[in-house]
Each structure stands twice: as C-alpha cells, then as structure tokens.
Participant: 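Sharing a structure below in structure tokens format, with a few things to ask.
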Protein chains: 2
Amino acid sequence: MGIGNVSERRLQSPHVGVSVVILALGPGSDDASSASVDTDDGASSKTTSPVPRQAVPHRRLWMPLVRRTRQPYLGMWALPGEDVSADETLEHAACKALESTTALTPRYLEQLRAFGGPDRSQGGLPMVTVVYWAMVGRTETWTPDSIDDMRWFAEDELPELAFDHRQIVDYALRRLRTTIEYPDVVARLIGPTFTLRQLHGVVEAIAGQTVDLANFRRRILASGELEDTGEKIREGRQRPAAVYRYVPRAERDAASWTRGLFGDELHRINQELRLRRESDARAFDDPLSALVPHRG
Amino acid sequence: MGIGNVSERRLQSPHVGVSVVILALGPGSDDASSASVDTDDGASSKTTSPVPRQAVPHRRLWMPLVRRTRQPYLGMWALPGEDVSADETLEHAACKALESTTALTPRYLEQLRAFGGPDRSQGGLPMVTVVYWAMVGRTETWTPDSIDDMRWFAEDELPELAFDHRQIVDYALRRLRTTIEYPDVVARLIGPTFTLRQLHGVVEAIAGQTVDLANFRRRILASGELEDTGEKIREGRQRPAAVYRYVPRAERDAASWTRGLFGDELHRINQELRLRRESDARAFDDPLSALVPHRG
DNA sequence: ACAAAAGTGTTTTGTATACACCCATGA
DNA sequence: TCATGGGTGTATACAAAACACTTTTGT
C-alpha cells in the first residue's frame, strides 16, 4: 500500500475528520407539545427556517447544527465534527463530536460513508471526512437545548448548510430510511424497554409518513426479537400498554458490526474517552507520550 | 470542524489510503472451462488454497490479491491499495489501485466503508483506509492474468490476509449480497448489453447459490428497467437468446450516487486519471504546480 | 357511559417459489 | 428427431396492507 514512500506526495496527504448527523425524535409541526425553539435569535436572517410546511401528523426527526466560527463558510450552519488523531479510532472521534454538541446519550452510531476530494473543502484544507449518523435521546419529554452557536432543526426545515453538508444529510436520511427495515435497529434506537406505540412513533418519524399501527404491531412481533417484560405502563391517561424489551437472536449478533454500534458498546467507548482525556491532560507536560499508540 | 488549529494534534493526523476489493466472475469448482491458475508457484506453502471444497454448481467470484513487499506482513497477501493525495478524489485513488492490478475495465465501483483506528496498522503508520469494492470483466471467456506478486483467488478459497483485510473482504461480500437486490446494480455489473442467462449467472455467483432461472427472469423483467434490444445472440450452440439493455428510470438516477459509480462515469474518471498522470509527469520538473488543486 | 388508547380478526392484494410445460434451433 | 437451452403458465405459500372490530382503562 505504499507506506513508507516518503518522497513525492506523502506531505500532500489530506487531513482526516469526522462529522456526525445527530438525530432525535421531536414534535411534528402543529404539535401542541411543541418544544421547538422558534424564537429567532438575533442572528442573520438566512438562518430562519426556509420551508414553510403544513401540519405533519407524525413526529419528526430533529438534528443539532453548529455555527461555523471560521472561514470558509463563516457563520453558516454545519454538522458537528472533530479532527481525527492517529491514536484514536474513528468511533472515538465521532463520540467526541457527539459529546461536544449534546449531553444526550447516543442510542446508536453507524458509519455512513467517507467523503473526500479536492472540491469539497472550498478554501479550507483538503479533508477526508468520515461521516457517522447517531440517534440520541428518548422519545418523550424532549426539550432541545439550544445554546449560543448550536441549535436544533427539524429535518425538513433545515437552513442552508456549509460545505457539502446538505448532500451528506440527504444521504444520511436516505440511508436511515432503508435501515429501519431491520427490526433490531428500530427496537434498540429507543432504549432498553418501550411500548409498541413508542416504537411505532420512531418508525413514523423516520419513514416520514404514517404507518398502520396494527400491521406494524404484527410485523415487529413476528420478527421474534421482542420480549414482553410483563410490565405495563400508562403513556396517556387510558389503558396501560405492555412494555417490551429487545432480545437479540444468536446469529444476528455476528452480523451486527455490519451496521453500527448500540448503546452498550457506545457506553464503553465513552468510558474509554473519558480515561483518554485524563491521560491527555497528563501528556500535556510530556508531549512525547502522546505519540505512543494508545494500547502501548 | 477545527480546520486551522495547527498546534496540538495536527501533526498526529493519520494517513489516508484506499483499498479495493476487486471482484470478477470466474468458474465454480470442477468446472471444465476452468482457467484458474492452480499451478502452485514456488512460493511459500501458506499461499496455497487452504479450504478444499466440493463441486460448486454455479460460477464463483474471484478477486486479485497482491503480495506485500514491505513490513509489516511482508510476503503475505493483501488487498490492492493506494495512498490518497490531497488533490484527488477518493474515487480517483481507487481507480489507480484498480488499474495497477488488473487491465480489466471496472463495471462498478462503490465505497464500502472507512476503516481506522490505531489497532489496525500493527507496526505500520496509522492509516485510515477507505475501502471500495469493484466489479470488473465480462462473464465469458475469463482468463485470470496472474503475474509475479499478483494472483486471483476464489472467494471461498482465500489465503490468510494481511492487516484486517480478511474482515474487510467478509464485509464486502456481505454488502455485495444485499446490494444485488437492486436490479439496476446487477444489470449494469455485466456490461451494456447481455442475455438474461448471463445476468442470471452473475446473480448466482454473487448469491453463492443456485437461483431459479424462470423466477429470476420474471422478477428482473418486472422491474421495468430492462429493454429488449431486438438483437439475438447464441451463447452455446442452441436457440439464440434475446439481448437486453439496461435503461434507467428517471427518479432512480437521483438516488444512484447513494450506491456507486457505473461504467460510464468510471470511464470519465479513468480518462481524467490519464490526463492527470501526464500533467504529473510534467510537474516533476515544476513541483509547485502539483500543489495547485486540479480544477484550478 | 364515554372517550381514548390497546390490541385482535378478517379480507384482499401482491409477490416469491416450485416446477411443469411448450418453443426454437442446430446437430 | 432429439438434445439443449430459451421462454411461459400455473398452483401454492407467505407477507403486507386496509380497515372493521373488541377490549381495557380513567374520568
């Protein structure tokens, strides 16, 4: 693979970064329980929602964007991202980006694709960006915490985005909409336990359209990957619903890394991240140790 | 995205490379038309096919591997690859890797995934490798051209591979086997025109099992993306078969970049590659011009 | 009792499969 | 005319969609 040929193009190697399309379930438009931050902060007018929409009967996907503080595309909205250093995994970098943007814990993380080429940097350094998508937060009682240069946007009311991030988002949503055909992904998106109605809400939001609840129920139960916990919970004020748990079937697990990482593995990575950060702080006095590969 | 923060970790950025899983349709085992190079070259014994298999009724996928000429994993088989320079697209680099290995023209090229992290280099430089898979060659009259440090292997008789390339190959095959559900991908894999039997052969080889020809015929025709050219061709000595052409349906095209690149686009990239190479040769005397982004 | 949500049954439609069958052609 | 591959018909099984319906609960 040409490692070691230091002469020619070696110094022209592109830099590596990650960006994350972070998704959470939020209200549809005209929803009474709306917690959306529609108060326009005093910023430039081009950041306001460009596409007026009529009422959406189901919930929608929301994603946080950050405002760029540098050229190029200064002041424009962009996907959260991080540089990747040689001693960390791509997933680590993605988790850092996640953490820097939202305090919610990720339920799912999957690599989407790498984007590269000289055309996409537009005046910045040439970058190869590995894009992940992540699913965070619970479906209920969701309050987007918008601060200074970060803000949540509904999937169909996005502002103009920096770089090729609009293409990336479109790609992510398309990929997401084919991914939800796997019952295990949907089930684990929502958390350890859930009612069928909650699950149904996720699917509708992702699919972007209403889905027959009765048929959904049958399909998801027929998959054999849901287990009745015996508990019951009342979402509204009416009849309590059965609470289910996702229970993986053996052979599936072997193929799971094909798709993405789930809550438990993510938790492990985040743990490791915290440890790493501490040792990084120590390494500040001893720069050499930072060059040593992490596992030593 | 942190571009411009040159201090801290900037110098620790991993290098970027591409690897390509190159696939071609070849004979199944016990096939009389076998053109496989089963003469063991005098190399080390660990390169011989490790898994003895019984006869496979359908054709199989074959892929070229290259022998490593450097540490780590010196002498071991690995996926063809290239370093990526800042002024080229990832697809360009992938095409270079393709070209350096086989003279066959690619029918399809799709990015699989980026692999990274400190664990995978094992003594080499930290690398983020963007892996592509490609489909080359025609289904008939296939002769693998094995030379010195390159050799074709059947998908189910691979030797031990360097780095994490075995995982990568497994991942590629899994992905390929889900991709063939798209009729357009299958159709365009084989070339501009083809008989249904040829197409059927591709699907069987990729699926790794026999597929009912009658039902396959119906399904693929029902997709509405195949057009009868009116021509007929005799493959064997019997009744001639109708020749079809792939004709894309409008809306599909918008989503096509979601998957991969096909022959025509690849042709364009290869053209561009050749031009680039010439200008690179010129730039040898004028190193500065190589730093200018290609589109200037 | 009523509203609202949980959960079930039933009919229809479409699609994948298995496999029997006919057709066209060259030897 | 027969073997071989090209191409079609058909019965069956299964999965998804549509939607009417019953049950359970709180007010």
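Everything numeric in this text was worked out from a predicted model, so none of it was measured. In what follows, every chain begins at residue 1, and chains take the letters A, B, ... in the order their sequences are listed.
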Participant: From C-beta outward on A:D212, which listed nucleotide comes closest to its side chain: D:dC19, D:dA17, C:dA6?
Facilitator: D:dC19
Participant: Counting any heavy atom closer than 4.0 Å, what does A:A214 reach on the DNA or RNA strands: base, sugar-phosphate only, or nothing?
Facilitator: base
Participant: If I take atom CD1 in residue A:I233 and atom P in nucleotide C:dG7, what distance separates them, rounded to the nearest angstrom?
Facilitator: 12 Å
Participant: Under 4.0 angstrom, heavy atoms only, what part of the nucleic acid is A:R218 near: base, sugar-phosphate, or nothing?
Facilitator: base
Participant: Whole Å only: how far is the CG atom of A:N215 from the P atom of C:dT8?
Facilitator: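 Value for this atom pair: 13 Å.
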Participant: Mind running side-chain hydrogen bond (donor to acceptor under 3.5 Å, both in side chains) on A:E91 and A:Y132 for me, showing each step along the way?
Facilitator: CA-CA 8 Å; A:E91 281 81 15; A:Y132 282 78; 3.3 Å; yes
Participant: Is any side-chain heavy atom of A:L226 closer than 4.5 Å to one of A:L199?
Facilitator: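 A side-chain contact exists here, since the closest heavy-atom pair is under 4.5 Å.
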Participant: Do A:D170 and A:R166 sit within salt-bridge range, that is, some charged N less than 4.0 Å from a carboxylate O?
Facilitator: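 Yes, A:D170 and A:R166 are salt-bridged.
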Participant: Return the value, rounded to whole Å, for the distance between atom CG of B:L213 and atom P of C:dA20.
Facilitator: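 B:L213 atom CG is separated from C:dA20 atom P by 16 Å.
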Participant: To the nearest angstrom, how far is B:R219 atom CZ from C:dA18 atom C1'?
Facilitator: 13 Å
Participant: If I take atom CD in residue A:Q198 and atom C1' in nucleotide C:dA5, what distance separates them, rounded to the nearest angstrom?
Facilitator: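 The answer, rounded to whole Å, is 14 Å.
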Participant: Figure out the CG/P separation between A:L221 and C:dA6, and round it to whole Å.
Facilitator: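 In whole Å, C:dA6 P and A:L221 CG are 14 Å from each other.
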Participant: Base, sugar-phosphate alone, or nothing: which one does B:R217 contact when heavy atoms must sit under 4.0 Å apart?
Facilitator: base
Participant: Over how many whole Å does the gap from A:R234 atom CZ to C:dA5 atom P extend?
Facilitator: 13 Å
Participant: Output yes when B:R177 and B:E155 qualify as a salt bridge under the 4.0 Å nitrogen-oxygen rule, no when they do not.
Facilitator: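 A salt bridge links B:R177 with B:E155.
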Participant: Over how many whole Å does the gap from B:R197 atom CZ to D:dG7 atom P extend?
Facilitator: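 My rounded result for the distance is 9 Å.
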Participant: Compare every heavy atom of A:A114 with every heavy atom of B:V130, then report the nearest pair and how far apart it is.
Facilitator: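 Minimum heavy-atom contact is CG2-CB, 4.0 Å.
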Participant: Which is more 5' along DNA chain C, the nucleotide nearest A:L196 or the one nearest A:Q238? Just name the residue.
Facilitator: A:Q238
Participant: What about A:R239: does its side chain form a donor-acceptor pair under 3.5 Å with the base of D:dT23?
Facilitator: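 It does, because a donor-acceptor pair links the side chain of A:R239 to the base of D:dT23 below 3.5 Å.
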